[in-house]
Amino acid sequence: MVKSAEIKAAARIINEGGLVAFPTETVYGLGANALNPVAVAKIFEVKERPSFDPLIVHIADFEQLKLLTDGADENVFRLAEKFWPGPLTVVLPKSKHVPDIVTSGLPTVGIRMPACEIALQLIRESKCPVAAPSANKFGKLSPVSAGHVRKQLHGVDYILDGGKTTVGIESTIVAIEGNVCRFLRPGFITKDDISNAMPGVFDFVLSKPDKSIAPGMLNSHYSPGKPLFILNNQEKQPDRFSGVIRHSKNSIVSFNGKVIYTSENCNMAEVAANLFSALHQMEEDESVSTIYIEPVEETGLGIAIMDRLKKAAFQYAKTS
Ligand code: TXA
Ligand code: MG
């Protein structure tokens, strides 16, 4: 799909201090050379991202992990061997090589090795770690296709189009301090996945939103450009100007508006993979003035899905 000449061209732009949007298995990232503070500053500008919100640095091998942190002990290497490449970001003490702008002045840095081959090739070809937040305007819907990136961002030097992403929601973020594994953001990899892969190694802590630890854990995030409500049995219900996002074809549709299914039978991996595209489609559809979405059960991957939905709907929740 993406030719090696395109990867080479994109890597050249990264080396010259430019911005490249690229697919990962989770969402599209907006990348710059993580070791070049001027290039990283452009990410904040294009995304309109507040400078207090730190970036994740993407790597392609363990040498780059060692460059970015002096704090990777045996547990961290074991964790990385189990889950990388993959949708897990590990927050560790940063080394002197990481510019402060990447971490928003925090003494820690979030690091992840993505599983998407295009992302890995881009990092290898660039020969530097690549800082990349999701390639959307700050607070808006995450992009799971190249079209979603084009819709929101201007000033990107190159977009690698790898089609729709497979996982569909952002990586799980954990901070590791000794044997404490603190969840900063739920994602595709769950606490059970980690404890099953490494039994007895970590004590788990589930963090509450706290601006000082992870500014991205703000209550409102991932929002579409029109009102979004999580369907409940209370007074606010869809009308014919509404769009409804459902996760199963088993339930009866009780109105005539637009319906999008993320899954036929509430398969959580499918719901996650199709969640942001469904929200983008509803956002783009001029016949839809208000979006409703069914909740899912908050277990396993459902925890990450509901995290995104509650934040996407947060600003409207008070009026529902
Ligand atoms: O799946 C993903 O993680 C995607 C793809 C592109 O890799 N990236 C992504 O980046 O979701 P972003 O910037 O949209 O979300 C990163 C989150 C932010 O909420 C930020 O606050 C948090 O990671 N973060 C980054 N570095 C951190 C650190 N040192 N300590 C705590 N939180 C950190
Ligand atoms: Mg984001």
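Note that the structure is a prediction, hence the values are computed from the model and not measured. In listed order, ligands and their atoms are each counted from 1. Residues take their numbers from the sequence shown, with the count starting at 1.
Take the Mg ion (ligand 2) and draw a sphere of radius 2.8 Å; the protein N/O/S atoms inside it number 1.
Some N or O of R185 is nearer than 3.5 Å to an N or O of ligand 1, by distance alone. The shortest N or O to N or O distance between K47 and ligand 1 is not below 3.5 Å.
Between K258 and D285 a salt bridge is recorded (basic side-chain N to carboxylate O distance below 4.0 Å). Remark: E170 does not engage R112 in a salt bridge, criterion side-chain N to carboxylate O under 4.0 Å. The pair R78-E81 does not count as a salt bridge, with every side-chain nitrogen at least 4.0 angstrom from each carboxylate oxygen. Using a cutoff of 4.0 Å between basic side-chain nitrogens and carboxylate oxygens, E48 and K140 are not scored as salt-bridged. K94 and D100 are joined by a salt bridge, as a carboxylate oxygen and a charged side-chain nitrogen come within less than 4.0 angstrom of each other. Salt bridge present: E283 and K151 bring a charged side-chain N and a carboxylate O closer than 4.0 Å.
Between S134, P114, S171, G187, it is S134 that holds the heavy atom closest to atom 12 (P) of ligand 1.
In E177, the CD atom is crowded: over 12 heavy atoms of neighbouring residues, nucleotides or ligands sit closer than 6.0 Å.
Set against the non-hydrogen atoms of I173, the atoms of ligand 1 under 4.0 Å away are 17 (C), 22 (C), 23 (O). The contact set between ligand 1 and H58, taken as ligand atoms under 4.0 Å from a residue heavy atom, comprises 5 (C), 6 (C), 7 (O). With ligand atoms numbered from 1 in the order given, ligand 1 contributes 28 (C), 29 (N), 30 (N) to contacts under 4.0 Å with heavy atoms of L106.
The closest approach between T103 and ligand 1 stays at or above 4.0 Å for every heavy atom of the residue.
Not less than 6.0 angstrom separates the ring centroid of F22 from the ring centroid of Y158.
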